[in-house]
2 protein chains.
Amino acid sequence: MAGRMDEFVSTFTNRIDGKGRVSIPAPFREVLMRDGFPGLYCSPTLDQKAVDAGGNRFRDAIRQSLSQFDPFSEDYELLSTALMGESEILSIDKDGRTVFSDTIRARAGLTDLVTFVGQGFKFQIWEPSRFAAYREEATSRVRELRKRLGARGSAGVPSQGGGT
Amino acid sequence: MAGRMDEFVSTFTNRIDGKGRVSIPAPFREVLMRDGFPGLYCSPTLDQKAVDAGGNRFRDAIRQSLSQFDPFSEDYELLSTALMGESEILSIDKDGRTVFSDTIRARAGLTDLVTFVGQGFKFQIWEPSRFAAYREEATSRVRELRKRLGARGSAGVPSQGGGT
DNA sequence: GGGGAATTCATGGGCGTCAATGGAATCTCA
DNA sequence: TGAGATTCCATTGACGCCCATGAATTCCCC
């Protein structure tokens with residue numbers, strides 16, 4: 001897989017060892033390195049049992065959305081609690097591994113395997129079987145969406161088979 | 001945990017010992033150190049049973065928000081009384097611990113555990129179970145807010161499509 | 001073109017360091 | 001002088017760092 005990428009692409013599944021360590025997929029490490037964030041910024045995926053992660057670019061997106069609120073407004077309180085309070089900054093060791101906190105493990109329902117799903121400026125962390133189910137659903141929904149759009153002759157949704 | 005951060009992020013819960021001492025989470029100490037404030041600036045959270053805390057940046061934000069009011073207005077009186085009058089500056093010992101005043105303990109309803117919630121330029125001090133409830137509420141309200149704004153971006157970022 | 005060497009990565013284990021916590025010792029002010 | 005507070009140590013458990021293994025891939029040279 002060619003490097004030189006500044007976005008998280010593709011899906012990888014790695015093992016959590018006895019000490020709780022997981023290797024972050026090398027291509028993702030490359031992106032993070034390039035991004036410059038000294039670690040891994042993690043934030044819960046609001047409507048899925050998963051966790052979003054990334055570097056500066058991801059973090060800035062969150063901060064930016066907060067910045068439009070008055071620092072002492074109730075909205076800021078709520079958002080900063082939900083977004084920053086629930087976020088975590090994980091460190092990445094010299095071997096490219098990290099240790100997920102209990103909170104993150106619980107949130108994503110992780111046991112001994114983790115699936116990393118590239119999503120451009122961020123990636124997601126899933127429990128493998130849960131992700132498989134989600135992907136199934138997503139795929140069928142896209143299929144259905146295409147059918148709807150196709151009926152109107154739209155070129156909006158590109159065709160392509162299921163996936164990995 | 002990767003340092004080099006200039007904002008309070010994530011949530012930590014520490015124990016108050018028999019003498020009233022609590023360790024301030026190391027990452028937060030790091031931020032305070034960087035901020036330069038010699039201690040911990042504490043001010044009551046206006047609409048919650050909790051306490052806001054931070055360094056220079058936090059204190060400046062309070063002043064800034066006060067400055068938007070006419071210094072002789074009743075609003076100014078009320079706010080400055082609530083924000084500045086009720087503020088306290090706590091010291092941090094060599095081991096990174098502080099001792100909360102009775103006022104603060106009462107205001108947040110603290111007993112033997114404290115939860116520190118990062119919120120960017122400040123963090124909040126909560127009694128753990130009380131925070132758990134608030135977090136629930138915050139999360140669901142953000143979810144609904146996000147739905148209302150119809151924002152895309154599974155980053156959980158409302159508006160501004162935190163995308164590429 | 002093929003076989004082997006060198007690389008890249010994921011993974012495991014041992015160990016030193018640091019943070020959180022508890023307790024003792026010292027200090028201070030009424 | 002005594003209660004509360006501040007500084008100094010000690011313990012323990014978590015985390016970061018280094019090295020080893022092994023599999024899969026790439027590179028290179030004959």
| query | Does the side chain of A:T81 pick up a donor-acceptor pair with the side chain of B:Q119 at under 3.5 Å? | reply |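 Yes.
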Can you identify which nucleotide, out of [options], has its nearest atom closest to the [X] side chain?
{"X": "A:P25", "options": "C:dA10, C:dG13, C:dT21", "value": "C:dA10"}
{"X": "A:K19", "options": "C:dA19, D:dC17, C:dT21", "value": "D:dC17"}
{"X": "A:D93", "options": "C:dG12, D:dC17, C:dG22", "value": "D:dC17"}
{"X": "A:D95", "options": "D:dC19, D:dC17, C:dG22", "value": "D:dC19"}

| message | Assuming nearest nucleotide by heavy-atom distance, tell me which of B:I16 and A:A26 is located more 5' along DNA chain C. | response |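 Going by which nucleotide is closer to the 5' end, it is A:A26.
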In whole angstrom, give the distance that lies between atom [atom1] of [X] and atom [atom2] of [N].
{"X": "B:R15", "N": "C:dA19", "atom1": "CZ", "atom2": "P", "result": "20 Å"}
{"X": "A:I89", "N": "D:dG16", "atom1": "CD1", "atom2": "P", "result": "13 Å"}
{"X": "B:I92", "N": "C:dA19", "atom1": "CD1", "atom2": "C1'", "result": "15 Å"}
{"X": "B:R105", "N": "D:dG4", "atom1": "CZ", "atom2": "P", "result": "12 Å"}
{"X": "A:L90", "N": "D:dG16", "atom1": "CG", "atom2": "C1'", "result": "14 Å"}
{"X": "A:I24", "N": "C:dT8", "atom1": "CD1", "atom2": "C1'", "result": "17 Å"}
{"X": "A:R21", "N": "D:dC18", "atom1": "CZ", "atom2": "C1'", "result": "11 Å"}
{"X": "A:D17", "N": "D:dC15", "atom1": "CG", "atom2": "P", "result": "12 Å"}

[X] bridged to [Y] by N-O distance under 4.0 Å:
{"X": "A:D60", "Y": "A:R57", "answer": "no"}
{"X": "A:E74", "Y": "B:R141", "answer": "yes"}
{"X": "B:R146", "Y": "A:D47", "answer": "yes"}

| task | Indicate, yes or no, whether a donor-acceptor pair under 3.5 Å links the base of C:dG22 to the side chain of B:R97. | result |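 When only heavy-atom distances are counted, B:R97 does reach the base of C:dG22 through a donor-acceptor pair under 3.5 Å.
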| message | Is A:R29 close enough to C:dA10 that one of its side-chain N or O atoms is under 4.0 Å from OP1 or OP2 there? | response |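 Affirmative; the distance criterion is met.
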| So, does B:S10 use its side chain to make a donor-acceptor pair with the main chain of A:S87 at under 3.5 Å? |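 Answer holds: yes.
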